[in-house]
Structure formats: C-alpha cells, structure tokens
Trainee: 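The structure that follows is given in the form of structure tokens.
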Number of protein chains: 4
Amino acid sequence: MEQALKIERAGRPRDARLDDAIVAATIELLEERGYNDMSLAAVAERAGTSTTAIYRRWKSKSELVAHAVFRTEGDDVVAETDNIAVDIASMVRWAAEKLARPAALAAVVGILGESRSERVARSTAAAMASKRVIDRLNRAKDRGEIRADVDTRVLASLIAGPVLNEVFAGGAAHVNERWIAELVSIVLDGVRPR
Amino acid sequence: MEQALKIERAGRPRDARLDDAIVAATIELLEERGYNDMSLAAVAERAGTSTTAIYRRWKSKSELVAHAVFRTEGDDVVAETDNIAVDIASMVRWAAEKLARPAALAAVVGILGESRSERVARSTAAAMASKRVIDRLNRAKDRGEIRADVDTRVLASLIAGPVLNEVFAGGAAHVNERWIAELVSIVLDGVRPR
Amino acid sequence: MEQALKIERAGRPRDARLDDAIVAATIELLEERGYNDMSLAAVAERAGTSTTAIYRRWKSKSELVAHAVFRTEGDDVVAETDNIAVDIASMVRWAAEKLARPAALAAVVGILGESRSERVARSTAAAMASKRVIDRLNRAKDRGEIRADVDTRVLASLIAGPVLNEVFAGGAAHVNERWIAELVSIVLDGVRPR
Amino acid sequence: MEQALKIERAGRPRDARLDDAIVAATIELLEERGYNDMSLAAVAERAGTSTTAIYRRWKSKSELVAHAVFRTEGDDVVAETDNIAVDIASMVRWAAEKLARPAALAAVVGILGESRSERVARSTAAAMASKRVIDRLNRAKDRGEIRADVDTRVLASLIAGPVLNEVFAGGAAHVNERWIAELVSIVLDGVRPR
DNA sequence: GAGTAACCGAGACGGTACGTCACGTCTTCTG
DNA sequence: CAGAAGACGTGACGTACCGTCTCGGTTACTC
C-alpha cells in the first residue's frame with residue numbers, strides 16, 4: 001500500500017544508503033558517548049552526510065535514536081509454540097537482546113527525556129508490543145498451561161521487567177542463558193497449574 | 001561528620017529554606033516538563049532564588065535531580081519480619097512508591113544520561129540497595145522460606161523489575177495493592193519450597 | 001547573435017511566459033520583503049514554477065534580481081537634444097525612474113553583497129552607463145553649453161548622486177518633477193558659462 | 001542619565017574590551033570578505049570571544065554592522081564657520097570619509113538588505129544626520145551666503161549624493177581633494193547669490 | 001511518426017550561517 | 001561568606017536558504 005504510493009512519488013528519490021549509514025553511525029556514537037554527548041553533527045559526519053539529511057528523515061534527535069535502536073518492528077515475531085515454557089524463555093531472550101545493549105539504554109534516556117506529550121505518543125509502541133505478549137499469554141491460559149486465576153498483565157511485566165532491572169542497575173553483562181533459565185523456572189513455577 | 005564541620009563554619013550561614021524550595025521546585029518542574037526541558041534557571045526562578053545558590057549546593061543538574069528525587073536514604077528500612085510473603089510485598093510496595101512517580105522517571109533519565117564514568121559512580125547506590133534486598137532474601141532462604149536452589153539475585157530482580165516495567169510503559173497508575181498482591185502471589189508460588 | 005543560435009536549438013523550447021512570471025514575482029517579493037528575506041523558493045511558488053526553472057535562466061539570486069530590476073537595457077536612450085538643460089533634466093528623470101523604486105534598492109543590495117570579483121564584473125555595466133552620460137556632457141561642453149573648466153566626471157556624479165541619496169535616506173517619495181527641476185536649476189547655474 | 005542607571009546595575013559587568021574587539025573584528029572582516037561572506041562565528045573567533053557575547057550586545061548581524069561602521073555619532077560635528085564654501089567642503093569631506101571605505105559599503109548592504117520595517121527604524125538615524133546638514137544650510141541662507149530661492153533639501157542631497165554615487169560605481173578611489181574641490185566649486189556657483 | 005534533446009515539476013542533497021538555548025563558571029555588589 | 005544578578009565560553013539544537021542534482025514526465029523540432 002505504501003509501496004503503491006511510493007511509485008507515484010515525484011522528485012529525486014532518497015538515497016537509501018544514507019538511511020543505513022545514519023542509523024549505523026547513531027548506534028555507534030550512542031555506545032561510545034551516550035545520549036547527551038552524541039551530537040547530530042557527529043552522526044552526520046560519521047555517516048558522511050549532513051545534519052540536513054538527518055532532519056529530513058526524523059523530526060528530532062530522540063526520534064532518530066528511537067528509530068535507530070528499536071526500529072526493527074517486524075522481527076519480534078518470536079515463534080509461538082504449544083509449550084509456554086519455551087515461549088516465555090524466548091520472550092525473555094528477545095527482551096534481553098533488545099535491551100541489553102548500551103545503545104538501548106541510551107535510547108531509553110532519549111525517549112524518556114522528552115517532554116511528556118511526545119513521550120506518551122511514542123510509548124504507545126511499547127504498549128502495543130506489550131499487548132502482543134499478553135495476548136499470547138492469554139492463549140496459553142486458555143490451553144490450560146497457565147493457572148486460570150493468573151493476571152496475565154502482571155505476568156507480562158515479569159518477563160521484560162527483570163531484564164530492565166538488570167540493565168538499569170548496570171549489570172546487563174550477566175543476563176546470560178543461565179540467568180534466563182533461572183528466571184523462567186521461577187516464573188513458570190509461579191503460574192503453572194497446581 | 002559534615003554536620004560537625006558546619007558548626008564551625010565562618011561567614012553567613014546558608015539559608016536552609018532555600019534547600020527545600022529548590023528541591024520542591026525541581027520535583028514540580030520535573031513532573032511538568034521532563035528532564036531535558038527543565039532548566040536550572042526555571043528551578044531557581046520558581047524557588048525564588050538564583051542558579052548560584054543551586055550550584056553552591058549541587059555539582060550539576062543531574063546531581064540535583066538525583067538528590068531531589070532519591071535523597072530519602074534513611075527511609076528504606078522496611079520492617080523485616082519472619083514472614084517472607086510480608087517482606088516481599090513490602091519491598092515491592094517500597095519500590096513502587098519510589099519509582100511510580102513522574103519525577104522518578106525523570107531522575108533516571110538524568111542519571112543514565114550522564115557520561116559513563118559518572119554514571120558508574122552513582123549506580124553504586126542502586127547496587128547497595130540491591131545488595132540489602134539480596135541479603136534479606138538469603139536470610140529467608142536460610143530459614144527455609146525460600147527453596148534452596150533459587151538464585152536470590154534473580155529473585156531480587158523480580159521485585160523491582162516489574163515495577164520498572166510498568167513505569168516505563170507509562171502505566172504506573174495501575175500499580176496498586178491488587179497489582180502488588182498478584183505479583184507477590186506469583187513470585188512466592190515460584191520460590192516457596194515444594 | 002544569440003537570437004540566431006536560439007533558432008537552431010533542439011529540444012523543448014523554454015516557456016517564455018515563465019520568464020515574465022519569474023521577473024514579476026521577483027519584483028513583487030523584493031518590494032514586500034527586501035533582498036535577504038526574498039527566497040527563490042518563494043519566487044518560484046508565486047510565479048507558479050520551480051526553482052529549477054529559475055536556475056536554468058539565471059546563475060544566481062543576485063543575477064536574477066539585477067536582471068529583473070535593471071534588465072531594460074535598451075530603453076535608456078534618452079533623447080539627446082541641443083539643449084543641455086533639457087538633457088540633464090531627462091537624465092535625472094531617467095535615474096529617478098530607475099532608482100526610485102523599492103525594488104531598485106533591493107537590487108543594489110544584491111549586487112553589492114556579492115563577493116568582490118563578481119561585483120566588479122557587474123559594475124562594468126554601471127560604468128558603461130556612466131560613460132555614455134559623460135560623453136554626452138563632453139559634447140555639450142564642446143558646443144559651449146558647459147563651461148570649459150568643468151570636470152564632466154564630477155558633473156555626471158551630480159546627476160545620479162542626488163537621486164541615490166534620496167533613495168538611501170528612504171525618502172524617494174518626494175523625488176518629483178519639482179524636486180528634479182530644482183536640482184537641474186542649481187546644477188545648471190553651477191556649470192553654465194558665465 | 002543612562003550613566004546614572006548604570007551605576008545601580010547588579011551582576012557582573014560587561015567586559016568593555018570585548019566591545020572594542022568585536023567592532024574591530026567586524027570591520028576587518030567586512031573589508032576582507034564583504035557582508036554576506038562575513039559570519040558572526042568568524043567575528044567571534046577573531047575577537048577572541050563567542051557568538052553569544054555578540055548576541056548579548058546586538059540583536060542581529062545587520063545591527064552589529066551598522067553600529068560598527070556608523071556608530072561614531074559624536075564625531076560628525078564638523079566645525080561650522082561663517083564661510084559656506086568651507087563648510088560645504090568639510091561636509092563633503094566628512095561624507096567621503098564616512099562612506100569611501102569598503103566597510104561602509106558592506107554596512108549599507110546589511111542595512112538595506114533587512115526587511116522593510118527594521119530598515120525604516122534604522123534610517124531615521126540617517127534622516128537626523130540629514131536634518132543637521134539642512135539646518136546648517138538654512139542658517140547660511142539666512143546670512144545671505146546662499147540664494148534665497150534655493151531649496152536646501154535639494155542642496156543637501158548635492159553634498160552626500162555624489163559621494164554615494166562614486167562609492168557605488170566602485171570608484172571611491174578618486175574621491176580626493178581635487179575631486180572635492182571641483183564638486184564644491186560647481187555647487188557653490190549654483191547656489192551663491194547672483 | 002519515431003527519436004531525441006531540452007524543457008518542466010518535485011524534491012533530495014551538501015554546505016553554511018543564523019539565532020536560540022542551556023550548562024556550568026566567573027565577577028561584582030549587597031547583606 | 002551567602003545571595004542575587006548577570007556576564008562569560010562552550011557547544012548543541014533546529015531552521016532556512018543557496019545552488020546542485022536526479023528523477024519521471026512533457027513538448028517540440030528533426031530525421
């Protein structure tokens with residue numbers, strides 16, 4: 001659909017390589033310097049382009065960062081199996097991969113540092129991701145893999161929450177397979193039918 | 001110790017009311033505008049003072065914010081009982097009270113936005129808080145209230161983590177007693193001896 | 001000569017109406033906003049065309065402005081009579097008509113704002129116009145209408161100069177027939193044979 | 001009067017040497033590069049200061065330039081004698097000194113390039129200077145040195161106008177004593193009583 | 001009547017300057 | 001010595017314009 005519109009677009013087309021170069025430079029600099037010390041001028045220089053080209057694509061620094069770090073919207077389709085243990089583990093793993101990078105932390109700083117109204121708009125994305133997780137948990141509940149009296153909203157916050165906690169405490173390093181296994185084990189024991 | 005020095009300090013003493021006015025203005029503006037859009041000039045104006053007075057007390061904006069939001073360092077002595085269910089609930093409640101305010105979110109932005117070295121220094125505070133939680137959980141494990149094979153570090157992240165998750169998703173509003181009770185119930189089921 | 005080349009030019013011919021529309025829009029915007037605040041994008045929009053079409057015709061903004069305001073190069077053939085009083089009056093009148101428009105002032109800004117080398121190139125046009133004036137004055141001197149010891153270069157600057165002065169002082173409004181007559185009267189009294 | 005107010009001013013006083021350094025750098029760069037190619041960043045660098053310090057003193061680039069080039073408001077008190085020939089010559093000389101510098105031309109570009117409303121405000125300064133000239137001419141007329149039927153407004157434009165003309169034609173070089181003498185001679189012949 | 005060359009519009013591109021803002025430091029006067 | 005006022009340098013932000021370019025599409029002359 002958007003594709004159809006693009007075909008009819010007039011004017012010089014955007015240089016697609018610039019998009020990639022800008023995003024790559026953004027992530028690099030985010031990891032090297034952190035959010036506040038990353039200037040768009042530096043991003044432009046490293047990407048071999050100009051700040052103008054950046055502002056043509058994103059409205060602000062925080063929007064660029066949010067897109068660069070969390071843009072991969074299609075890849076969150078973690079395989080859904082019939083085994084809730086496997087599913088929860090893979091969701092935790094997915095959250096860990098998303099968040100346990102220095103750039104992710106920097107991106108959160110950018111998003112949360114915005115004025116309230118913009119922030120609310122952006123956080124709907126997080127809300128939607130959360131909704132998908134809850135839906136899946138509900139289906140597992142329907143299948144009887146999860147106890148009927150469990151509030152799946154609370155359960156959902158037990159999946160991403162611990163990862164967030166480690167990231168903010170500065171110890172994302174030890175979020176490894178063992179850590180994930182231990183987490184999943186506790187959570188499953190807490191929700192599986194008795 | 002610092003108290004002792006203050007007694008013998010020469011010259012005009014600091015106006016103690018300014019401390020409170022500055023902290024109050026900081027929290028207000030943090031909630032109204034977010035971290036980035038809160039300027040120290042605005043804080044000074046609302047507090048009826050000048051930026052000079054602020055910088056005499058705190059080294060930087062992020063330090064002021066960190067102090068204003070998390071300064072209450074003594075009050076975290078949550079009563080320790082013999083009942084781990086009660087203890088975990090009160091720890092979750094404590095985390096929720098600490099974090100489920102708009103200003104807390106803004107403070108995190110300020111701390112995480114700092115350059116890496118400063119951030120590390122400050123996060124030791126969080127680490128220490130975390131250590132106290134883990135110690136308590138270990139004592140409960142020793143008493144047999146928690147299964148012997150549970151990693152208390154992971155368990156600790158199940159206490160503050162979910163709260164963090166709700167805060168960042170923007171929905172700190174529904175972190176109420178029912179939510180906390182549900183959370184504690186799941187976690188306890190997951191860690192209590194079989 | 002250029003005309004001859006045009007006849008043999010292949011491809012789609014230029015839309016002659018665009019030339020006029022661009023020039024008209026340029027003058028309008030020059031008068032409304034001044035040189036610096038007139039953007040070529042605005043000119044293009046008002047002329048119902050694009051900046052591309054403008055740059056196909058003129059090399060730069062200042063060149064467009066110079067052409068739009070002073071392009072009428074053929075019309076300066078002020079009738080030369082045997083009466084220097086009439087001639088000087090008509091030259092002053094011509095200068096006034098050329099310069100006493102808001103757009104003329106803006107055009108001067110454009111030309112003088114150019115870097116030195118470009119400016120020199122363009123000012124030869126002014127020099128040539130000046131030369132024609134001086135030649136005419138010299139002929140009047142030869143005929144005895146002007147005192148033999150008058151430096152016609154200085155006299156020439158007494159014709160356009162006062163008009164320029166009024167324009168820059170912002171009071172081009174009162175450069176009317178009475179003003180011109182008074183000016184010519186003084187100058188003639190100063191140069192006619194005693 | 002303004003002096004009195006200054007005495008009561010609180011805060012760190014402005015560094016007066018910066019004013020001079022900025023003005024000097026402005027004039028230098030104006031002569032080297034012209035108005036458009038002179039950036040405030042370059043001015044700041046050469047003056048050993050920052051653009052912020054410049055904007056604290058002047059509202060815009062054109063205002064800085066206008067002040068730097070034409071600020072010397074007190075020095076225009078050309079000695080008034082009883083001899084109108086001497087006075088006119090000295091006024092022409094004064095105009096020539098003011099205008100026949102590369103920086104003056106650049107300053108005119110800046111002032112005239114502004115949007116109309118700002119320009120009008122500034123040109124009142126020129127109008128006032130003009131008024132002083134006319135007043136003096138009127139006094140000479142009262143003394144009988146100038147013919148009673150001469151319009152002194154037109155006469156005034158015969159003093160600065162020719163200088164302007166030479167400057168814009170690019171030939172300010174030959175505005176020397178001989179040129180001035182010749183100009184004054186013609187003008188005087190045109191206005192002195194018969 | 002098919003080719004071709006130059007036009008047209010839209011709009012992206014690099015570059016550069018502008019003017020604003022905040023931070024954290026400093027300098028001065030006043031209490 | 002604290003406080004208020006306000007200057008200072010640094011450095012980023014986001015906007016605007018210039019002049020160039022690339023694209024799809026159009027129009028006229030030429031073969």
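Please read all numbers here as calculations on a predicted model, not as lab measurements. By convention in this document, chain letters (A, B, ...) are assigned in the order of the sequence lines, proteins followed by strands, and residues within each chain are numbered from 1.
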Trainee: How many Å lie between CZ on A:Arg17 and P on E:dG14, as a whole number?
Mentor: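 The answer, rounded to whole Å, is 10 Å.
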Trainee: At less than 4.0 Å, is any side-chain N or O atom of B:Arg33 found next to OP1 or OP2 of E:dA22? Yes or no.
Mentor: no
Trainee: Could you give the CH2-to-C1' distance, from C:Trp58 to F:dC18, as a whole number of Å?
Mentor: 17 Å
Trainee: Does anything in residues 18-29 of chain C come within less than 4.0 Å of DNA chain F? Heavy atoms only, and list the residues if so.
Mentor: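 When residues 18-29 of chain C is checked for heavy atoms under 4.0 Å from DNA chain F, there are no hits whatsoever.
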Trainee: Round to a whole Å and report the spacing from CZ of B:Arg14 to C1' of F:dA4.
Mentor: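 Distance check: B:Arg14 CZ to F:dA4 C1' gives 15 Å.
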Trainee: Expressed in angstrom and rounded to an integer, what is the separation of D:Glu45 atom CD from F:dG11 atom C1'?
Mentor: 15 Å
Trainee: Quick one: side chain to side chain contact (heavy atoms under 4.5 Å, CB included) partners of D:Ala47, sequence neighbours excluded?
Mentor: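 Testing D:Ala47 for side chain to side chain contact (heavy atoms under 4.5 Å, CB included), a comparison that skips the adjacent residues, returns D:Ala21, D:Ile22, D:Ala25, D:Thr49.
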Trainee: Does the side-chain contact (heavy atoms from CB on, under 4.5 Å) test come out yes or no for B:Leu40 and B:Tyr55, once each step is laid out?
Mentor: CA-CA 9 Å; B:Leu40 291 197; B:Tyr55 279 106; 3.2 Å; yes
Trainee: For D:Lys61 and E:dA17, is the shortest distance between a side-chain N/O and OP1 or OP2 below 4.0 Å?
Mentor: no
Trainee: Can you check the A:Asn36 CG to E:dG24 C1' distance for me, whole Å?
Mentor: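 The distance from CG of A:Asn36 to C1' of E:dG24 comes to 15 Å, rounded to the nearest Å.
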Trainee: When you match D:Leu40 and A:Asp15 each to their closest nucleotide on DNA chain E, which lands nearer the 5' end?
Mentor: A:Asp15
Trainee: Please enumerate all protein N or O atoms sitting under 3.5 Å from an N or O of nucleotides 20-22 of chain F, with distances to 0.1 Å.
Mentor:
unit_1	atom_1	unit_2	atom_2	d
F:dC21	O2	A:Arg12	NH1	3.3

Trainee: C:Asp15: which residues meet the side chain to side chain contact (heavy atoms under 4.5 Å, CB included) condition with it, sequence neighbours left out?
Mentor: C:Arg17, C:Leu18
Trainee: Go through F:dA4, F:dC17, F:dG9 for me and flag the one nearest to the B:Thr49 side chain.
Mentor: F:dA4
Trainee: With nearest nucleotides of DNA chain F determined for B:Ala53 and D:Ser50 from heavy-atom distances, which residue corresponds to the more 5′ nucleotide?
Mentor: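 That would be B:Ala53.
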Trainee: Under the salt bridge (charged side-chain N to carboxylate O under 4.0 Å, His left out) definition, can you give me all pairs with a residue in residues 49-61 of chain D, not counting sequence neighbours?
Mentor: D:Asp19-D:Arg57
Trainee: Look up atom CZ in D:Phe168 and atom CG in C:Leu112, then write down how far apart they are to the nearest 0.5 Å.
Mentor: 5.5 Å
Trainee: Working note: A:Asp37 + A:Glu32, criterion side-chain contact (heavy atoms from CB on, under 4.5 Å); need CA distance, chi angles, decisive distance, verdict.
Mentor: CA-CA 9 Å; A:Asp37 293 348; A:Glu32 289 174 20; over 6 Å; no
Trainee: Here's a test of your reading of the structure: between B:Gly48 and C:Met38, which maps to the more 5' nucleotide of DNA chain F?
Mentor: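 Result: B:Gly48.
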Trainee: Please tell me which of the listed nucleotides, E:dA12, F:dG3, E:dG9, lies nearest to the side chain of B:Arg57?
Mentor: F:dG3
Trainee: Does the side chain of D:Ser60 get closer than 4.0 angstrom to OP1 or OP2 of E:dC18 through an N or O atom?
Mentor: no
Trainee: Would you compute the distance between atom CZ of A:Arg33 and atom CG of A:Leu29 and round it to the nearest 0.5 angstrom?
Mentor: 5.0 Å
Trainee: Within this structure, what is the CD1-to-C1' distance between B:Ile54 and E:dT25, rounded to whole angstrom?
Mentor: 15 Å
Trainee: Return the minimal non-hydrogen interatomic distance between A:Thr26 and A:Leu64, and the atom names on each side.
Mentor: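 Where A:Thr26 meets A:Leu64 most closely, the heavy atoms are OG1-CD2, 3.5 Å.
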Trainee: Take B:Trp58 and B:Val65 through the test side-chain contact (heavy atoms from CB on, under 4.5 Å) and record every step on the way to the result.
Mentor: CA-CA 9 Å; B:Trp58 295 277; B:Val65 169; over 6 Å; no
Trainee: Atom CG of C:Asp37 to atom C1' of F:dC18: distance rounded to whole Å?
Mentor: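 That distance rounds to 15 Å.
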Trainee: I'd like to check the side-chain hydrogen bond (donor to acceptor under 3.5 Å, both in side chains) partners of C:Glu28; sequence neighbours left out, ordered by chain and number.
Mentor: C:Arg46
